[in-house]
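Beneath this line is the structure, given in C-alpha cells, with notes to follow.
Whatever order the structure lists them in is the order used to number ligands and atoms, beginning at 1.
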Amino acid sequence: MRRPVNIAPPKGKLGILTPGMGAVSTTFMAGVELVRRGEAVPVGSLTQMGTIRLGKRTENKVPAIKEFVPLAKLSDLVFGGWDVFPDDAYVAASKAGVLEAKHLDSAQKFLKNIKPMKAAFDQSYVKNLQGTHIKKGKTKFDLAEQIRQDIREFKKKSKADRLVMVWCGSTEVFLKPEDVHRDLQTFEKGMKTNHPSIAPSMLYAYAAISEGVPFANGAPNLTVDIPALEDFAKTKNVPIGGKDFKTGQTLMKTVLAPGFKARMLGMNGWFSTNILGNRDGEVLDDPASFKTKEESKLGVLEYILQPKLYPQLYGKIHHKVRINYYPPRGDNKEGWDNIDIFGWLGYPMQIKVDFLCRDSILAAPIVLDLALFFDLAQRAGMRGIQEWLSFYFKSPMCARELYPEHDLFIQLMKLKNTLRWIMGEDLITHLGAEYYD
Ligand SMILES: NC(=O)c1ccc[n+]([C@@H]2O[C@H](COP(=O)([O-])OP(=O)(O)OC[C@H]3O[C@@H](n4cnc5c(N)ncnc54)[C@H](O)[C@@H]3O)[C@@H](O)[C@H]2O)c1
C-alpha cells in the first residue's frame, strides 16, 4: 500500500448507516447527540479523547488525534439504519434499556426522527428473531438492489456528502467461506439463485461496496470477510473491516494475556462465562449464532500466546467460553474469568476477574471511531481491508497470508503509527537510543 499523499478534507455531512438499530446502534446515536449538545463526555472514544505523540519525547508535541488528522466533526454527522422491527430509534433505545430516563428524555426528539428502513432479513440466519419490518424480493440479488436504492435515497434526503456503514445487526448463524464466496461473479450468481451460504449481512456489505460506501462489521458474522467482497472492495476503492466489536471480556483478555506472555508466565487454562439478558443475549442463546460468537472469542488467546512457539508455557491450554442468556441483567452483563497460570518451577497460581460491564456503553464509542476512521481512510484513498483498525475488533480481518494481531497494545501502536504515516510524520519505534548519545 502506498502512503496517501492527498487527503480530501471532510467537507459537508457524513451519514452513518447502521444495519441493526438495537442496543448498540441507538446508544451510539443518542450518545453523539448528547455529546454535541455538551450534555455528556465521549468517554471511550479514541477519536474524541485521544492524543498522539509526534517527534521526540523532548519536543512535547502531543496534539489531540482529532486535531492531527482531518476527521469529520460530530456536528456534521447524520444517522440512518435498517431494522427488522419498525420502532424508531427512541422506542428501540427505550426497549434496549441501556440509557437512563434523563438521557432518553433529552435525546427523545432527535431519536424519534431516526426511523429504520425495512430490513433484508431471513429468520433462518437469526433463529431467535421474528421480524415484521422486512423487504420482499424474489432473489437475494433483488434485496441487495433494494438496499442500494435505500442508500442512494438516504444520501439525497439527508444531504450527506459521504456515507459509511457499520453493521450493528444481530449475530447470524455460523457460516464458513465456501466456493460461492470465491469471486464476485460466483457471488453475484449465488445471490441470483438464492444460495443458502449468502447471509443477509452479506447483502448489505455488497450494496455498500457497490455504492462506494466503506463497510465495517461489528458482529462476528462472516459478512465482508470473503474473497469475493474483499476483491470487490479493492476494485471499487472502498475500505472494509471487521469483525466483532472488541468490548467486555475479550477486551480484558487482550489486555491481560499480553502481560502474562511478556513475563513468560505459563498458562494451563482460561475459563470465561457470562450472563447477559439483552436481545443480543437472546439471539446468542441459539447454538448456531453462539457458534459464530464462540469462534470469534476463542481465536484471541491462540494468536497472542503462540503455543507453537512456546509449547512449555502455552502448549496445553484449556480455553472455554460460555454465554448464558439471563434476562434479569438486561444489557448489564457480568463476565467471570478464571485464569490458571503457573510461574517459576511450574508452581500454579490463579487469577479471577469479575467484570460487571455495560455492553453497549463499551460498544458505542467503537461505532463512532470506526465510522470516523473509515471515512478518513476513504478520503485518504485507502482501500480493501483496514488492518490498522484491528484495535476495535475481536476477530480482526487481515491479508490472507497473515495471521491477525490481537494484542491491544500492538494494535494501538499500529493504529497511531498509521495516523503518523498518513500525515507524513516520523513513525515512533520506541527505540530511544538518541537520548543517550
Ligand atoms: N454490545 C457489545 O458489546 C457488542 C460487542 C461485540 C459485538 N456486538 C454485536 O453487535 C451486534 C449488535 O448488538 P446489540 O446489543 O445492539 O444487539 P440488539 O439485538 O440490541 O440489536 C441488533 C438489531 O439488529 C436487528 N437485525 C437483525 N438482523 C437484521 C438485518 N438482517 N437487517 C437489519 N437489522 C437486523 C435486530 O432486530 C436488532 O434490533 C450484535 O451482533 C452483537 O453480537 C455487540
Side-chain angles (χ1 to χ4, degrees), residues 17-30 44 80-89 91-99 116-135 140 143-144 146-147 150 165-173 198-205 207 216-223 242-252 274 276-286 289-290 292-294 296-297 323 325 330-333 335 355 357-367 370 392-395:
L17 288 166
T18 63
M21 280 176 44
V24 171
S25 160
T26 57
T27 305
F28 150 67
M29 292 169 180
W82 294 264
D83 208 286
V84 310
F85 301 110
D87 299 335
D88 62 51
V91 175
S94 310
K95 286 187 184 165
V98 178
L99 298 174
M117 297 177 268
K118 280 191 176 169
F121 180 73
D122 178 340
Q123 206 191 348
S124 38
Y125 298 88
V126 187
K127 303 263 166 31
N128 289 358
L129 267 194
Q130 279 164 348
T132 52
H133 188 58
I134 291 170
K135 292 188 189 308
K140 298 187 177 186
L143 294 175
Q146 291 178 38
I147 300 172
D150 288 346
M165 194 184 287
V166 184
W167 173 268
C168 294
S170 310
T171 299
E172 295 171 333
V173 298
I198 298 182
S201 63
M202 292 176 182
L203 307 181
Y204 289 92
N217 179 14
N221 324 319
L222 199 55
T223 312
K243 312 182 289 252
D244 209 2
F245 302 131
K246 176 148 88 174
T247 52
Q249 205 163 38
T250 309
L251 173 69
M252 296 306 288
N274 293 277
L276 84 160
N278 56 14
R279 192 185 284 152
D280 188 29
E282 191 179 352
V283 164
L284 294 173
D285 214 28
D286 168 54
S289 284
F290 174 68
T292 313
K293 198 56 135 184
E294 188 185 27
S296 169
K297 283 176 166 263
I323 297 179
Y325 176 51
D331 200 66
N332 296 350
K333 179 161 89 179
F355 189 8
C357 76
R358 292 174 188 263
D359 243 7
S360 303
I361 294 296
L362 291 167
I366 296 187
V367 182
L370 285 173
Y392 294 106
F393 296 115
K394 272 197 205 68
S395 181

Using a strict cut-off of 4.0 Å, indicate which atoms of ligand 1 neighbour a heavy atom of [X].
X: A219; answer: 41 (O)
X: F85; answer: 37 (O)
X: A363; answer: 1 (N), 2 (C), 3 (O)
X: W82; answer: 33 (C), 34 (N)

Margin query: Going by side chain to side chain contact (heavy atoms under 4.5 Å, CB included), S170 matches just one of N128, V84, V283. Which one?
Written below: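 The single option meeting the side chain to side chain contact (heavy atoms under 4.5 Å, CB included) with S170 is V283.
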Margin query: Quick check on L362 - does any of its heavy atoms sit under 4.0 Å from an atom of ligand 1?
Written below: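 It does not, in that no heavy atom of L362 comes within the 4.0 Å cut-off of ligand 1.
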Next item on the list: Determine, using heavy atoms of W167 and all atoms of ligand 1, whether some pair is separated by less than 4.0 Å.
Entry: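 Yes, that is the case, since the closest heavy atom of the residue is under 4.0 Å from the ligand.
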Indicate yes or no: at least one non-hydrogen side-chain atom of [X] is less than 4.5 angstrom from one of [Y].
X: N221; Y: T171; result: yes
X: T247; Y: C357; result: no
X: K243; Y: T223; result: no
X: I147; Y: K135; result: yes

Item checked: Test of proximity, R279 against ligand 1: N or O pairs below 3.5 Å ->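 N/O-N/O distance below 3.5 Å exists for this pair.
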Checklist line | Short N or O distance, E172 and ligand 1, threshold 3.5 Å exclusive | finding: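 Checking ligand 1 against E172, no N or O pair falls under 3.5 Å apart.
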Measure [X] to ligand 1 on non-hydrogen atoms and call it side chain, backbone, both or neither using the 4.0 Å cut-off.
X: K394; value: side chain
X: V24; value: both
X: A120; value: backbone

Is [X] reaching over with its side chain to a backbone N or O of [Y], donor-acceptor style, under 3.5 angstrom?
X: K246; Y: Y392; value: no
X: D331; Y: S360; value: yes
X: Y204; Y: A120; value: yes

Notebook entry, point to check: Can you list the residues that meet the side chain to side chain contact (heavy atoms under 4.5 Å, CB included) rule with A199, with sequence neighbours excluded?
Noted result: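 Per chain and number, A199 pairs via side chain to side chain contact (heavy atoms under 4.5 Å, CB included) with Y125, E172, L175, S201.
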Quick one: nearest non-hydrogen protein atom to [atom], plus distance?
atom: atom 4 (C) of ligand 1; value: T247 OG1, 4.0 Å
atom: atom 29 (C) of ligand 1; value: V84 CG1, 3.7 Å
atom: atom 6 (C) of ligand 1; value: F245 O, 3.1 Å
atom: atom 18 (P) of ligand 1; value: A23 N, 3.9 Å
atom: atom 32 (N) of ligand 1; value: Y204 OH, 2.8 Å

May I ask which of [options] has a heavy atom nearer to [atom] than the others do?
atom: atom 23 (C) of ligand 1; options: I134, D244, D83; answer: D83
atom: atom 12 (C) of ligand 1; options: G22, G81, C168, A92; answer: C168
atom: atom 26 (N) of ligand 1; options: S170, P220, A364; answer: S170
atom: atom 11 (C) of ligand 1; options: A119, G20, G169, G218; answer: G169

Notebook entry, point to check: From T27 OG1 over to L99 CG, what is the distance, rounded to the nearest 0.5 angstrom?
Noted result: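 It comes to 4.5 Å.
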Note to self: Salt bridge or not between K140 and D122? Use side-chain N to carboxylate O under 4.0 Å.
What the structure shows: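 Answer for the salt bridge query: no.
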Next item on the list: Only counting residues at least two apart or in another chain, list the ones meeting side chain to side chain donor-acceptor pair (under 3.5 Å) with D286.
Entry: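 Partners of D286 by the side chain to side chain donor-acceptor pair (under 3.5 Å) criterion come out as none, since no residue qualifies.
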